Amino acid sequence: MTLTEIFAVATLASITLTQLSVFLPGKYRLVTPTLFCLSALFGMAFSIFSLSSPLNFVLHSPVFLGLMPVQFASNCLSSAFCLLLCLLLLPFALFSQSYIKTKNSLETRFFWLTSGLFVLSMGSVLLSSNAILFLILWEVMSLSSAALVASEMFTRNTARAALIYLSATRVATALIAGGFLAAYYSFKSWNFCDWHFGGTNSLLAEILITLGCLIKSGIWPFHIWLPYAYQAAPAPSAALMSGLMGKVPIIILIQFFLGHSSHSLFIAYILIVLGAISTLWGVIFSLVQNDLKKILAYSSVENLGMITLTLGICQLCKHYPLDGVASVLFAALLFHIFNHAIFKSLLFLGAGAIYKQTRTSNINELGGLSRNMPGTFLFFLIGGAALCSLPPLNGFCSKWLIYEGLFKLALNKDITLCVIALLVILVLIIAGALSLATVSKTISIVFSGRPRTKHSGQATECDFAINLSQGILAVLCILPGLFCVQSKYLWISVLFAIIFYAGFLKQNKQRKIYSTWECGFGALSSRMQQTSESFSQPIAVFFSPLLRYKIVAEITGKDRRHFPERVKTEQSTQSVLEAKVYTPLVVFVSALGRHINRLQAGSIHIYLSYLLLTLITLICLELVW
Amino acid sequence: MIFTLLILSSAIMAVLMVGTGQVRSNIIFYSFQTLLIALTTCVFAYVENEHKHYILALVIFIVKTMGLSLFLLWLTKRIGTARDTGTFLPHPLAMHLSVLLLIFAQILSCQLPHLSKLEDFSAGGTAGISLILTGILFMLTRRLAISQVLGFLTMENGIFLFALTQASGMPLFVEMGIFLDVFVAVMISGLLIFRIKHSFEHIDVTLLTSLKD
Amino acid sequence: MVSYIVYSIMILILPLLLMGFLQKIKAKLQNRIGAPLLQPFFNVLKLWNKTQILSEDASFLFRFGILLNFCIATYLILSVPWLNFSPMIMGLDLFLLVYLLAAARFFNILSALDTGSPFGAFSGSREAALSFLVEPSLVLCLLAPGLLINSNVMSEMFAFKTAVNSDNPAVWIFASLGLFITALVELSRMPVDDPNTHLELTMVHEAMIIEASGRNLALCEYSYALKLTLFFGLSVQCFLHAVSAFLPSNEWLTLFFSVIGMFFLAAVLAMLETVLVKLKWTKCPDFIAYALTMGMFACIVALRGRT
């Protein structure tokens, strides 16, 4: 037995123990998170060892899945992903034990059970080496994550979100299963190592698998479920879902399509186009949201779009043999997956901390939290700066690599490739500028100025475990930036700013504290501060056809123009996709369902007539052939 | 090289014209565009050593660069319309779209056969096609009747440039006839615009759909 | 060694001198005598010693943002080749430049909104909208020379080492024009924003620093001057590359032309601000679109030269 297998067994055992420890009485409630951390450490050891000696494990009878045995195999990619997973589990466990503490015990147990199952299935789905096992684990992952979405069902109305999410995962699973069937017919094997995509005979399988994966990771136009699910899920599970689960389909796409010699151009173009659209779409919609978790959810759409886009370009480069560019982009892709998982989890944990202390995640009800929750403020600031990829944080490092690869592509002789590269650079730059607006809006509305409601005014800093979990992630955000060559001087200048700042603090004599300038109008109230809607208005106007953006102003008073008595404005946004495509689709399907329902009239004679009709049709068909 | 520079600058002037809603600026951009075309014709005459093209250049300068532009400027001042609000596509986006059309024209003209004796034949084709497309785009995205006239004139410039560079120009009499036609057409449409303004109080062509019955 | 010394002197003197020159020319054009040429130096010195008034609602981010903004501007002025000498910190590439400018803007917006002042917040949201319009054009204008030289490192792009090809001057000219328009927007100058008014309906930059006073304001003013120098310098360098065939190869003469060019641009700006009126806010995108068009032209010509 190798070290890899020993640690795999240890991880499995400790996860099982974690699941069992959920049923311990309430006074042992710290046992479960501790065991969770322990299994994360075992998992880390497992993935590190499996990098050098890959896992290859077949479980023979009596456990047999009908067509194939239970069979696991690891490669570098899946090991690295497992490492990332286990790395994120530590802050997750730390955060959750404090976040879930206040809830009733049934909910707590349900949370830990489902999240254990979720994590286990997410880790093993990438290790499975045949299609049957993969589908089973994939289903477990989907169902457990749906259960996580619904886990606050006793306190909040999350049923609709869970239903939308479940239906999306259903469609995704169906597509992937169809794709696997098609692949089986092309390659005559259920084993992943026999599948060599890229030829002409497997195009159907490729398209089905790609679509299924894109639905699961929430790429435009299949991103509809994502904001609902992430808003409803408790913050730590939303962190795991956005940080990791969204990446699993991408990793699968990489494993299926990128490793082989021939590459289908069609899939590459699908990935590029959908990725580019969802990059822009996600960031535009994240700008106009008012709910902290929805902002983060839409920005996940943006980042996953960026990852998909990079994957598509990588595949394009492999098709024209441009291996140098492809390898730069591939590195950038993996690095961005890693970085996005880190900073998005950090931001979701921050949103969770804010929700825990103020019981609201509507940013228009927050404000002034920088004084009450300084730790969360600092970490959220770091996470936000990483999200809009400001140098020298980790988000910039990976985005810079993407730009570098695209620039190399633009230096190519082929004009088409140049134009594609330039357009993609433009898309990324616009998305970057918009995400900067989003993040600066979020941070300043939530943390700056004065509290807008009593809740946020009375909020206190959360406990040490929550801050520690955010701190770990914040350090992980800063670390990659430290090792970039170029950022050496940048860090010096940041350091310079901090020293300068400290030097300024000494001269208290030359400072006066006074109220904010109010134009001589009288004291400012917290209601006079900017709201989320007013910040995003100048940009939202540009995209009003996409957002179906409307401002309704109602001004009353005798002299409405000069001396209005009451001014009431309301803004509304709605996704054009949801309004024009999905709602009619749902209405159509349910109408169709009603009509089909008529067939099932409950009368035995009608069923007998169906039988007769079917028989006659079959006989006729037989005769014709 | 100077030939390419001049000829592409005229296409660029047309692109820049699409970007603004000010009718006055549009006309000024148009007159620069025709000035560049007149200069191109001069250079062409020098290179090909054909003296009739000098006359052509002079006529372009007098009729189009000075005459039509000044007439249109006077017309805008007279009917008092300063700004075209545009139809479905905002002006900046229309400008970026016409840059893309320029790329398209470049790709198209690379596939044209060599006809001219000039080395750098593709630039003329590029500019000609791009002027035609930009003119159509300009007419599509504008609301005012006077802008429709400008778009039409741009298209006419494109056809002239294309004929000049790809087929060494048409006979002098044909060109002169076309100039006369264009001149008369603009005069008549100016008169019509004036009448339309007089009877409808506006020159918005999108509102003229109510006349279809 | 000598060039390093000259470069340092330029960094110290030129930014504020350009500001003073700009104001002087503007005053002359408007038939005023105007403040002395060195007034910005006096202003900064005076502000540095004044008491700073801080809002009671401000957090540490307010002053830290201003400081970080200043540090980023200093870093950029040391690493961008805005004169014909190679900069002191090598290896800055154009994406890092764009994202550093974005970082400066991010902290600008945050410190403007930090006090909860409606003025600062208002201008902060406008600044965000402007940045999303102007960033693509900045990138395209810098990408086009990069495509010519096959490098995206700034000091290699601006090293006067292009082989003179028939199309190259056009690329540099378009890039120069695009950068100038971009500079007008980034520095919130006239057609987009009026730097002289403090009227809430027009201002972008002035309202962002409305809460700053004393040393903070001095830092704001100085980082603004640094950014002005940076953009004007880049624009002039692009123009000098366009005419590099006619330039003498002497380094000092080129330096002379660069400095003259920057003063010329300042004079042009002063003239524009005297002649033009400020655009209505909703018309600004129409103006900024021209910068993007210039960038697109530059890239097209650069790609055309490749085939």
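This structure is a prediction, so every number in the text was calculated from the model and none was measured. A note on names: the letters A, B, ... follow the listed sequences, proteins ahead of strands, and every chain is numbered from 1.
- At a 4.5 Å heavy-atom cutoff, the contact between A:Ile513 and chain C is made by backbone and side-chain atoms alike.
- Between A:Ile415 and C:Leu303, the closest heavy-atom pair is CD1-O, 3.8 Å.
- Ranked by heavy-atom pairs shorter than 4.5 Å toward chain C, the options A:Ser534, A:Ala410, A:Ala385 are led by A:Ala410.
- Rounded to the nearest 0.5 angstrom, A:Leu390 CG and C:Ile72 CD1 are separated by 8.0 Å.
- Within the 4.5 angstrom heavy-atom criterion, only side-chain atoms of A:Lys399, from C-beta onward, approach chain C.
- The two atoms that bring A:Pro538 and C:Trp281 nearest to each other are CB-CZ2, 4.3 Å, heavy atoms only.
- Only the backbone of C:Ser151 has a heavy atom closer than 4.5 Å to any heavy atom of chain A.
- Side chain of A:Arg371 to backbone of C:Asp57: a donor-acceptor contact under 3.5 angstrom is found.
- Looking at C:Ile109, the atoms closer than 4.5 Å to chain A (heavy atoms on both sides) all sit in the side chain, from C-beta outward.
- To the nearest 0.5 angstrom, A:Tyr514 atom OH is 11.5 Å from C:Ser55 atom OG.
- Across every non-hydrogen atom of A:Leu381 and C:Phe106, the tightest pair is CD1-CE2, 4.5 Å.
- If you measure heavy-atom distances from A:Leu287 to chain C, you find no contacts under 4.5 Å at all.
- A:Ser440 contributes atom OG, which lies 7.5 Å from atom CG of C:Leu113 (distance to the nearest 0.5 angstrom).
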If you apply the rule side-chain contact (heavy atoms from CB on, under 4.5 Å), what do you find for A:Leu422 with C:Leu143, and how did you get there? CA-CA 9 Å; A:Leu422 288 182; C:Leu143 260 180; 3.6 Å; yes
Verify side-chain contact (heavy atoms from CB on, under 4.5 Å) between A:Thr516 and C:Glu211, making sure each step is shown before the conclusion. CA-CA 7 Å; A:Thr516 305; C:Glu211 288 293 324; 3.2 Å; yes
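- Most heavy-atom pairs under 4.5 Å with chain C, from the set A:Ala433, A:Ser448, A:Cys418, A:Pro374: that is A:Ser448.
- C:Asn69 does not touch chain A: none of its heavy atoms, backbone or side chain, sits under 4.5 Å away.
- Taking CD1 of A:Ile425 as the reference point, atom SG of C:Cys299 lies at 8.5 Å (rounded to 0.5 Å).
- Considering only heavy atoms from C-beta on, A:Pro391 comes within 4.5 Å of C:Leu100 through its side chain.
- Using a 4.5 Å cut-off between heavy atoms, C:Val98 touches chain A through its side chain atoms alone.
- Contacts between C:Leu138 and chain A at a heavy-atom distance below 4.5 Å are absent for every atom of the residue.
- For C:Leu78, no part sits under 4.5 Å from any heavy atom of chain A, backbone or side chain.
- Among all heavy-atom pairs drawn from C:Ala102 and A:Leu436, the shortest one is O-CD1, 3.4 Å.
- A:Leu378 touches chain C through its side chain: at least one heavy atom from C-beta onward sits under 4.5 Å away, while N, CA, C and O do not.
- To the nearest 0.5 Å, atom OG of residue A:Ser370 and atom CZ of residue C:Phe62 are 13.0 Å apart.
- A distance of 11.0 Å separates OG in C:Ser59 from CG in A:Leu369, rounded to the nearest 0.5 Å.
- Taking a cutoff of 4.0 Å between a charged side-chain nitrogen and a carboxylate oxygen, C:Glu56 and A:Arg450 qualify as a salt bridge.
- Using cut-offs of 30° and 60° for the angle between ring planes, the A:Phe377 and C:Phe60 rings count as perpendicular.
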Working for side-chain contact (heavy atoms from CB on, under 4.5 Å), residues A:Phe542 and C:Leu133: CA-CA 10 Å; A:Phe542 280 104; C:Leu133 289 172; 3.8 Å; yes
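- A donor-acceptor pair is defined here as one N or O able to donate and one able to accept, closer than 3.5 Å; no such pair exists between the side chain of C:Ser125 and the backbone of A:Ser536.
- Considering every non-hydrogen atom in both A:Leu411 and C:Gly146, the closest pair reads CD2-O, 4.3 Å.
- Summarising the geometry of A:Trp400 relative to C:Leu96, their closest heavy-atom pair is CD1-N, 4.5 Å, with the distance given to 0.1 Å.
- Between chain C and the residues A:Lys441, A:Lys408, A:Glu404, the largest count of heavy-atom pairs under 4.5 Å involves A:Glu404.
- Within the 4.5 angstrom heavy-atom criterion, atoms from both the backbone and the side chain of A:Ser389 approach chain C.
- Using a 30° and 60° split on the angle between ring planes, C:Tyr99 and A:Tyr403 fall in the tilted class, from 30° to 60°.
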